[in-house]
Amino acid sequence: MIEIPTFAAWMEMNRAQDFPNEATAWAVYNDRVYRGMEALLAHPEVAANRQEAAVAEIAATAFLESVFGAAWVKERFPLADHREELGPWVQQAWQRQELARRVFEFQSEPWFADFVSYTETNDVASAIFEADVLQTLMRMPAGIARVTESGVKGQDFDILLNLAHVGDVPVEVKYKQDDTPFSEATVRNTVKSAVKQLPRGQAGWLFIHVPTAWIRPGRGDEYDEALYKALRQTSRIGVVFTAVDKPFHDEEAGKIRHRRFWDLYKDDGASQELWEAALLLRNLLERGWDFFAPRAPF
């Protein structure tokens, strides 16, 4: 059994260390967890049998169970360990590890408890995508805050991003389930729902995850046209980031992985500063630069 203590549990065990602040404690905790995982993955038996991926998955699952409980993890990912043949377990195993990574990375954030509570009671795929957007935005040299759900129209967006030379940028996140068929109405209603949650008088960012089935020749033009029609009635959304996850077989790791692609759409009313910030984020993503973002060891 591989056990990685949560940051809260580790802090409780190391109270005598008298760290000057939480940021220092997190740096020490993060370093020790990384060193422990590196030693485990470098074990001769693990390396000889090419079991690094399996060990990382076991560690991620154990860590997730320490936060949510084994019963919750089993209930939300019931197929993840049923591996008699290639099938639905692939996606659930991937989702389980992705969620574990995000939970680890967000532990030192002031909104961590709220994020855990939200994840416990909401659709897993949607929660994971919101968490991915949070981690993605952390690549930016900016302030990031997850907004607690309030139910107040115009103030119920998901994330508040504070950018130099731009100021506060409200961010809304929408996840379309894989069985959602493509239509102009679907895109329009998704944008309309996001607009209701964003404040008046500010141009924000909208992140949308679309099903892989939406991707086909000519669909990009249809999708952009639908966005154009949906956005021309509002000034609350300046840039739309569209994410699509394409599965592929990683032969070296022996696993099915997903490669994320991002498409940017600029509304005619978006300021140049807001658009340049979006281009910076896309550049960071394309280059794989994540200097500011936390990174899980598994």
Check your understanding: Stepwise, does the side-chain contact (heavy atoms from CB on, under 4.5 Å) test hold for E184 with E222?
Key -> CA-CA 8 Å; E184 183 180 311; E222 294 179 66; over 6 Å; no
**Study point:** R236 and E172: CA distance, side-chain angles, deciding distance, side-chain contact (heavy atoms from CB on, under 4.5 Å) verdict
**Key:** CA-CA 11 Å; R236 300 192 201 185; E172 179 61 19; over 6 Å; no
Check your understanding: What's the verdict on salt bridge (Lys or Arg N to Asp or Glu O under 4.0 Å) for K74 and E65, showing C-alpha distance, side-chain angles and the deciding distance?
Key -> CA-CA 9 Å; K74 185 176 181 180; E65 290 175 346; over 6 Å; no
Practice item. Would you check, one step at a time, whether the test side-chain contact (heavy atoms from CB on, under 4.5 Å) holds for F182 with V187? Key: CA-CA 8 Å; F182 174 82; V187 178; 3.9 Å; yes
Check your understanding: What do the steps show when you test E98 against R260 for salt bridge (Lys or Arg N to Asp or Glu O under 4.0 Å), and what is the final call?
Key -> CA-CA 13 Å; E98 284 298 292; R260 175 158 291 172; over 6 Å; no
Practice item. Could you go through the side-chain contact (heavy atoms from CB on, under 4.5 Å) check for W275 and L264 one step at a time? Key: CA-CA 10 Å; W275 177 238; L264 267 65; 4.0 Å; yes
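Put simply, the residue from Y223, Y265, W262, W214 that forms a side chain to side chain donor-acceptor pair (under 3.5 Å) with T242 is Y223. No option in K174, E149, Q155, K153 other than K174 meets the side chain to side chain donor-acceptor pair (under 3.5 Å) test with Q197.
Interatomic distance, CD1 of I58 versus CD1 of I4, reported as 11.5 Å (0.5 Å rounding). Interatomic distance, R282 CZ to D263 CG, rounded to the nearest 0.5 Å: 8.0 Å. Here the straight-line distance linking atom CE of M11 with atom CD of Q107 works out to 11.5 Å at 0.5 Å rounding.
Taking the centre of each ring, F207 and F241 come in below the 6.0 Å mark.
Ring orientation note: the planes of F115 and F112 are tilted relative to one another, at an angle of 30° to 60°.
The two atoms that bring A296 and E105 nearest to each other are N-OE2, 2.9 Å, heavy atoms only.
Taking E12 as the reference, R15 meet the salt bridge (Lys or Arg N to Asp or Glu O under 4.0 Å) condition, with sequence neighbours excluded. With sequence neighbours excluded, the residues forming a ring pair (Phe, Tyr, Trp, His ring centres under 6.0 Å) with Y29 are F7, W10, W26, F104, listed by chain and number.
Judged purely by distance below 3.5 Å, without hydrogens or angles, the side chains of N21 and T24 pair a donor atom with an acceptor atom. Between the side chains of E130 and N122, not a single donor N or O lies within less than 3.5 Å of an accepting N or O.
A cation-pi geometry, defined here as NZ or CZ lying under 6.0 Å from the six-membered ring centre and within 45° of its normal, holds between R146 and Y118.
Every pair passing side chain to side chain donor-acceptor pair (under 3.5 Å) that includes a residue from residues 199-211 is listed here, sequence neighbours excluded: H209-D245.
Within a 6.0 Å radius of CD in E45, no more than 12 heavy atoms belonging to other residues, nucleotides or ligands are found. Within a 6.0 Å radius of CZ in R35, no more than 12 heavy atoms belonging to other residues, nucleotides or ligands are found. The environment of Y34 atom OH is dense: over 12 non-hydrogen atoms of other residues, nucleotides or ligands sit within 6.0 angstrom. Atom CD of E276 is surrounded by more than 12 heavy atoms from other residues, nucleotides or ligands within 6.0 Å.
Note: the hydrophobic cluster containing L227 also contains L206 (ILVMFWY, side chain heavy atoms under 4.5 Å, direct or indirect links). Cluster annotation: V73 and L99 are assigned to the same hydrophobic cluster (Ile/Leu/Val/Met/Phe/Trp/Tyr, side-chain heavy-atom contacts under 4.5 Å, transitive). Residues V171 and I208 do not share a hydrophobic cluster, defined by chaining ILVMFWY side chains whose heavy atoms lie under 4.5 Å apart. Transitive grouping of hydrophobic side chains (ILVMFWY, heavy atoms separated by less than 4.5 Å) keeps I237 and L161 in distinct clusters. Residues M140 and F129 are members of one and the same hydrophobic cluster, defined by side-chain heavy-atom contacts under 4.5 angstrom among Ile, Leu, Val, Met, Phe, Trp and Tyr.
With R76 contributing its side chain and E120 its backbone, the two residues share a donor-acceptor pair below 3.5 Å. In this structure, R139 contributes its side chain and L281 its backbone to no donor-acceptor pair below 3.5 Å. Proximity of a side-chain donor or acceptor of D290 to a complementary backbone N or O of A293 within less than 3.5 Å is not detected.
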